[in-house]
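The sequence lines fix the lettering, A, B, ..., with proteins before strands; numbering per chain opens at 1. FYI, side chains are in, hydrogens and waters are out, and symmetry mates aren't considered; it's all heavy atoms of this structure. Note that this is a predicted model, so its numbers are computed, not measured.
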2 protein chains.
Amino acid sequence: MIEEPTPQKTPLSALGEFGLIQRLTEAITLKNTTSVLGVGDDAAVLDFGPDSEVVVTKDLLLEGVHFDLSYTPLKHLGYKAAAVNLSDLCAMNATPSQLLVGLAVSNRFPVEALEEIYHGLYLACDRYGVDLVGGDTTSSQTGLVLSVTAIGHVQRGTAVRRSGASATDLLVVTGDLGAAYLGLQVLEREKAAWQANPNLQPELQGHEYVLERQLKPEPRIDMIRLLRDLEVQPTSLIDVSDGLSSEVLHLCDASGLGCKLFESKIPMDPTVIRLAEEFGINPITAALNGGEDYELLFTVPLSDWDKIKGNPNLTAIGHLTESPQRLLVLNSGQEVELKAQGFQHQ
Amino acid sequence: MIEEPTPQKTPLSALGEFGLIQRLTEAITLKNTTSVLGVGDDAAVLDFGPDSEVVVTKDLLLEGVHFDLSYTPLKHLGYKAAAVNLSDLCAMNATPSQLLVGLAVSNRFPVEALEEIYHGLYLACDRYGVDLVGGDTTSSQTGLVLSVTAIGHVQRGTAVRRSGASATDLLVVTGDLGAAYLGLQVLEREKAAWQANPNLQPELQGHEYVLERQLKPEPRIDMIRLLRDLEVQPTSLIDVSDGLSSEVLHLCDASGLGCKLFESKIPMDPTVIRLAEEFGINPITAALNGGEDYELLFTVPLSDWDKIKGNPNLTAIGHLTESPQRLLVLNSGQEVELKAQGFQHQ
């Protein structure tokens, strides 16, 4: 009623998520010397002391958009909300130390339900030595909203951005990929079966690994420590939240380089390959586009290869190139353009 | 479906907002030496350097709970979301320096609408010398959700908590009170009139002050600077978000003391007194229980009285007492118990 008229209407879909963030934030110029790095990476970097830099990130999770309460236990939801934020700190090479939580719920939740969510948050905090230092809880007229801010620190000058890679740098990924996406497929299948026949017991046995990867992802703080122990300083770094393709393209974009990624090198658990076939999905599609694995993807100079090659947690999956093309080398030897399929977060 | 059964169900209403937060956070013990102060005050205090401490706060704002888009211009919404978080930093005696923003919207919003929100956020950031250093934007199936995290810093050891006051300390408030609540009444009245007859033009003229106080509150960073210039270090400090009564009781609770508050001393703008009468509200009720004024309430030792008394921005409204009673001394001389009426944030 006292709103000014908006002369132009661009639908959100015209920009896409990254285009929208870009559009909304392009006018920012940092004013404070304490602001080392702002919008555009996995987290901000702040500078408040002579030896360490503070790293902060935040994430908003909405019912029906980021999670489905019909198969997400509330404790797992709390754990995952913490984990995905801690993962963003890992993606900066930072050590997490604090968490703040905002929670909005409608009256349909009893106190015990919120305690379950907090229980999950505390489990994650305990496991990763993080303090929950703040938060607010408010009412919601509709679904559940969880907003988490995570804070960590790095030794001065050692925060690793998405940019910074050189041509010929190796692309390395931790752990294995695709499992979280298949865990989601199992949950969706059992939900559909249960909706068709509420007396049916869900068949989850034998799928523990993929379900755990979907419902209880772990931020790879252990890998950040491992890299430090191996004396490997990545030249660029990101976590795999949207799918490997998307993250590889982010690193290429940020460093203005191309890449060659080898299908044969992408690490997958045997259960993922078996389950993908059961669902009629190409396993490589789950790994490339499934997302939510929360592994770390980074680049290192070729000279670091010797430090990395023997470690079962680290897999070199390709390398960057001076040529701007982003190529996926299939097992057949054929080279195709690497594309982010843009699976939505469930 | 894989949810564990919850044996006990306590309705949220049985605890109330503060009881709920208390219940959800009572098991926390801080583990890191960098965590100076956690949940329970206006913001957390972190320690990452030898000279300064980092102060962080976050707030979640939901459409239909914290704001009504039928009379809240989006630019004002963005500005206010930033302002209320910066106010929480002021309430710690901190100087704001960074902001992170999470935004969830449904498809009914065009890009320009989100730009309006960001425009408001940027206006507040510019005005207060704050950097927007991070954020995410996500889709919502229902209303608009805004989540803001604000970060600031204080010189080591100068963060001011809600606790720390002594008996006989003066209770001092900045600015004037009750205007934001009356601004809301004007907006609600015009909304009702407009709903009854959409051809009606809203009558907002002459109400600029109270509307501005409701729609565009200002964090009192200027008062934090003033106190520093006056060499006044408050013994306890809070911002007036829920209403003066509620905040005075918070300070009393935190320091384990009682208080005497004088009705005759509570600062109100003449337009507030006039408008309250027009609405048939006792002006003192608006000041005590209206909330959203975002002024600062603090305590100082009696010995600081001389530094404060001449300043038109600062009003001593009472004092703390050893006796645990919290008393409001009415203009008639009668003493009544001070109670938080618990107006909900609109």
Side-chain angles (χ1 to χ4, degrees), chain A residues 1-3 6 8-12 15 20-21 24 28 30-32 34-35 38-39 43-44 46 48-50 52 54 56-60 62 64-65 70-71 73 97-98 100 102 104 107 110-112 114 118 129 131-142 145 147 149 153 194 202, chain B residues 1-3 6 8-12 15 20-21 24 28 30-32 34-35 38-39 43-44 46 48-50 52 54 56-60 62 64-65 70-71 73 97-98 100 102 104 107 110-112 114 118 129 131-142 145 147 149 153 194 202:
Chain A
M1 117 202 192
I2 41 176
E3 180 81 63
T6 49
Q8 211 192 335
K9 304 267 182 197
T10 313
L12 285 179
L15 289 183
L20 177 62
I21 293 173
L24 292 174
I28 297 177
L30 299 181
K31 291 179 290 285
N32 288 286
T34 50
S35 304
V39 171
L46 315 178
F48 291 99
S52 68
V54 177
V56 184
T57 184
K58 76 174 291 163
D59 239 328
L60 202 53
L62 279 83
V65 178
S70 67
Y71 54 67
S97 46
Q98 285 88 14
L100 294 91
N107 286 333
V111 174
E112 286 75 14
L114 305 198
Y118 263 74
D131 291 319
L132 203 161
V133 296
D136 66 316
T137 305
T138 183
S139 60
S140 155
Q141 291 186 331
T142 51
V145 180
S147 166
T149 300
H153 54 93
W194 179 82
Chain B
M1 115 200 189
I2 40 177
E3 181 79 65
T6 48
Q8 213 191 335
K9 305 266 181 198
T10 315
L12 286 178
L15 290 182
L20 176 62
I21 293 173
L24 292 174
I28 296 177
L30 298 181
K31 291 180 291 285
N32 290 285
T34 49
S35 304
V39 171
L46 315 178
F48 292 100
S52 69
V54 177
V56 185
T57 184
K58 75 175 293 165
D59 239 328
L60 201 53
L62 280 83
V65 178
S70 65
Y71 53 68
S97 46
Q98 285 88 13
L100 293 90
N107 288 333
V111 173
E112 286 75 14
L114 306 197
Y118 263 73
D131 291 318
L132 204 161
V133 295
D136 65 318
T137 306
T138 182
S139 61
S140 156
Q141 291 186 330
T142 51
V145 180
S147 167
T149 300
H153 54 93
W194 179 83

Asks: Are any side-chain N or O atoms of B/Lys58 and backbone N or O atoms of A/Lys58, one a donor and one an acceptor, separated by less than 3.5 Å?
Replies: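 Not confirmed, B/Lys58 side chain does not pair with A/Lys58 backbone.
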Asks: Which pair of non-hydrogen atoms, one from A/Gly102 and one from B/Leu60, has the smallest distance, and what is that distance?
Replies: C-CD2, 3.7 Å
Asks: So which heavy atom on B/Val65 is nearest to which on A/Ser140, and how close?
Replies: CG2-CA, 4.2 Å
Asks: Please examine the side chains of B/Val56 and A/Val133, heavy atoms only from C-beta on, and report whether any two atoms are closer than 4.5 Å.
Replies: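 A/Val133 vs B/Val56: side chains apart.
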